[in-house]
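Remarks on the structure that follows.
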Amino acid sequence: MRIQLLSSLFLFSFGSYLYRVSSQPEHASFPPRGWNSYDSFCWILSEEDFLQSAGIISQRLKPYGYEYAVVDYLWYRKNVPGAYPDSLGFDVIDEWGRMIPDPDRWTSSKDGKGFTEVAKKVHSMGLKFGIHVMRGLSRQAYDANTLILDTTTGGAYEESGRQWRAKDIGIKERACAWMSHGFMSVNTKLGAGRAFLRSLYEQYAEWGVDFVKHDCVFGDDLDVDEITFVSEVLQKLNRPILYSLSPGTSATPTMAKDISGLVNMYRVTGDDWDTWGDVAAHFDVSRDFAAANKIGAKGLLGRSWPDLDMLPLGWLTDPGSNRGPYRMSNLNLDEQKTQMTLWAMARSPLMFGGDVRKLDEITYSLITNPFILEINSYSTNNMEFPYVTGTKGSAHKTTAHSQRSRRCLKEVGKSHAQFLGFTSCNHPKVNGWSIEALDQDLDQICWKEHMGSHEPLCLYKQKPLLSSDERLIYNQGELHLLASDGMEFCLDASPRKKRTSKEFKSGSFSPCRSDANQMWELNNNGSLISSYSGLCATVKSIDANVGNRGGVRSWIATGRKGLLPP
């Protein structure tokens, strides 16, 4: 029997599926399923919008297993002028340096209630409540040098005859790579460091939190010590909390060996957005984690699942923006079907990211497809089947670009994809950028290292148009980077994901503005630094089926009647 599942792009084979019911309750028996606010609201979500969304999830998605409603990052940041993802000084913290909800956006949090009232309302809808948290200690608490809470006494943590403070435990040189002004690691070897982390997660339990998405501790930001201690704290709490890690940039199965038994789900890629390049980037990593037997492996009080990230379908916003949902997903229907199919076959957690208040019927039917959901929950022995594949030949060509006939890369068939990534500026391979003067008023900044016979990836330089007040904020050498010399759209830098060259022409640019998210500085040593993160841009070239929507890759899985041939 041969089944062509949802999309002409991928061919899969299945038997029937046996529903497994565990005799003992455990965490994450099946890949978790729910909704996360990031793809539609970025960080500006309000209590009103969240509870309205939760009500719709309860009515329309919970019958299909979508049980978690998760508030993504920066729920503690004031939504005021000057605040953005890596801004400093706009967060709401308590006397112990712990983040608490912004009372202007989360009105029920006043008087020290935190998320207690929101969690109660979510639970009354039959859902489970989740929040996003960052690594360690906030820079704001560090600068304020707040006291550390000892939850066993209810007072300040004391050891060696003194009270301990934030600057005693914070490791400033280990700041989060993509939010360097936001958070840093804590020293878990110190009793005070452990006391601080314990006070955080005990507070989340008191609020009624059921799901924690712990960011900036895995992938490029791996912090095994913090993951290990948080896992120990969660095991001892009086309520079950599902433990999720994010993001997973540069994650490998080898890296996952150290943490998969400590958590319930963990991201294995950078952020996934609504481009075919992002979807295509998940094929190989899904294959590798399946081959390493990490799907449904032993986890925290149950199982753990490699997480391919949220589903950017339906009504969305943009990454790193200060605005809510305003546009439809850029993926066409075949691409969306392919994404759902791959996520299901890889048994990834399914976290829908679109605005459920504007959930269209096509998106709804896709994310609630019973066959897809059954595969995601109940299939076994999932793996890529390498003997049914297909590709088309490679081709590149250049096209006239504006009146100056600038050349740009156009992907045809099987692409030589150029991935723009972010890494520490201490990395030896970040110095590949150079500047070329095209005429008196136009320069290009190009990456030429390790390109072989392929054309360099180039962007156009423009000094940012700033007001006199804004010029005091940004360095003189900072600039905007444009896709062409005739556009007024600038490159956004979100170091939590990688962008392909295809995206330079289809959505990773937005109207130029003065946000640090769009500011770049080229150093004399050839490094290009993002003012948003303090990381350096680098380009990696690989051959991938990014531009080839006609390729075929197969997966197989076991059902009740066993494995069927493809």
Side-chain angles (χ1 to χ4, degrees), residues 38 42-43 72-78 82-93 97 99 132-146 166-167 169-188 193 196-197 213-223 225-227 245-250 267 270-271 319-322 420-427 430-431 473-475 477-479 481 491-499 514-523 525 527-538:
Y38 180 69
C42 194
W43 68 274
D72 210 87
Y73 75 155
L74 301 182
W75 37 266
Y76 37 80
R77 184 149 299 171
K78 299 174 183 177
Y84 60 93
D86 194 32
S87 58
L88 177 61
F90 295 93
D91 296 340
V92 184
I93 61 176
M99 316 310 298
H132 172 288
V133 301
M134 292 293 296
R135 78 187 306 169
L137 176 75
S138 75
R139 171 71 180 276
Q140 192 164 320
Y142 181 90
D143 289 345
N145 204 21
T146 54
K167 289 187 177 181
I169 66 170
I171 307 176
K172 199 172 182 180
E173 59 271 21
R174 290 188 59 188
C176 178
W178 60 270
M179 197 189 288
S180 58
H181 295 101
F183 292 83
M184 66 187 74
S185 291
V186 299
N187 189 341
T188 57
F196 176 74
L197 292 176
K213 177 182 175 182
H214 192 184
D215 209 329
C216 211
V217 291
F218 190 52
D220 286 342
D221 298 291
L222 181 64
D223 191 335
D225 290 341
E226 182 163 331
I227 295 170
L245 302 184
S246 175
T249 309
S250 305
R267 283 270 299 281
D271 281 9
S321 68
N322 283 21
L420 177 65
F422 300 84
T423 189
S424 167
C425 293
N426 295 323
H427 195 282
V430 299
N431 303 325
I473 301 175
Y474 298 103
N475 297 329
E478 290 184 331
L479 47 90
L481 297 176
L491 174 65
D492 286 316
S494 179
R496 301 176 67 190
K497 63 168 284 182
K498 296 181 180 179
R499 293 192 166 91
S514 59
D515 290 359
N517 192 36
Q518 291 188 343
M519 296 297 181
W520 303 82
E521 187 171 1
L522 180 65
N523 285 345
N525 64 359
S527 60
L528 185 63
I529 301 177
S530 165
S531 299
Y532 178 74
S533 66
L535 299 177
C536 281
T538 184

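Because the structure is predicted, anything quoted here is derived from the model rather than measured.
Evaluation of the disulfide bond (SG atoms under 2.5 Å apart) rule for Cys42 yields no partner, not counting sequence neighbours.
The aromatic rings of Trp178 and Tyr73 sit tilted, their planes meeting at an angle between 30° and 60°.
Distance alone, capped at 3.5 Å, places no donor-acceptor pair between the Asn187 side chain and the Gly193 backbone. Looking only at distances, a side-chain donor or acceptor of Asn145 sits under 3.5 Å from a matching main-chain atom of Lys167. Looking at Asn525, its side chain does come within 3.5 Å of a backbone N or O of Ser527 through a donor-acceptor pair. Judged by distance alone, the side chain of Arg267 and the main-chain N or O of Gly270 form a donor-acceptor pair under 3.5 Å. For Arg139 (side chain) and Met184 (main-chain N/O), no donor-acceptor pair under 3.5 Å exists by modelled atom type.
Between Ile227 atom CD1 and Thr188 atom OG1 the span is 11.0 Å, to the nearest 0.5 Å. Here Leu74 contributes atom CG and Phe90 contributes atom CZ; the two are 12.0 Å apart, rounded to the nearest 0.5 Å. For the atom pair CG of Leu197 and CZ of Arg135, the computed distance is 11.0 Å after rounding to the nearest 0.5 Å. Taking SG from Cys216 and CG from Leu245, the interatomic distance works out to 11.5 Å, rounded to the nearest 0.5 Å. Here CD of Glu226 is found 10.0 Å from CG of Leu137. Values are rounded to the nearest 0.5 Å. Atom NE2 of residue His181 and atom OH of residue Tyr84 lie 6.5 Å apart, to the nearest 0.5 angstrom.
In summary, the side chains of Asp220 and Ser250 do present a donor paired with an acceptor at a separation below 3.5 Å, with no hydrogens or angles considered.
You'll find the side chain of Ser530 reaches within 4.5 Å of the side chain of Trp520, heavy atoms only. By the 4.5 Å heavy-atom criterion applied to side chains, Pro319 and Asp271 are not counted as neighbours. Side-chain atoms of Phe183 and Met99, non-hydrogen and from C-beta on, do get closer than 4.5 Å to each other. Between Pro85 and Asn322, the closest side-chain pair of non-hydrogen atoms falls below 4.5 Å. Side-chain contact check for Met179 versus Asp215: every heavy-atom pair is 4.5 Å or farther apart.
Shown here for Ser87 and Ala83, the closest heavy-atom pair between the two residues is OG-CA, 3.5 Å.
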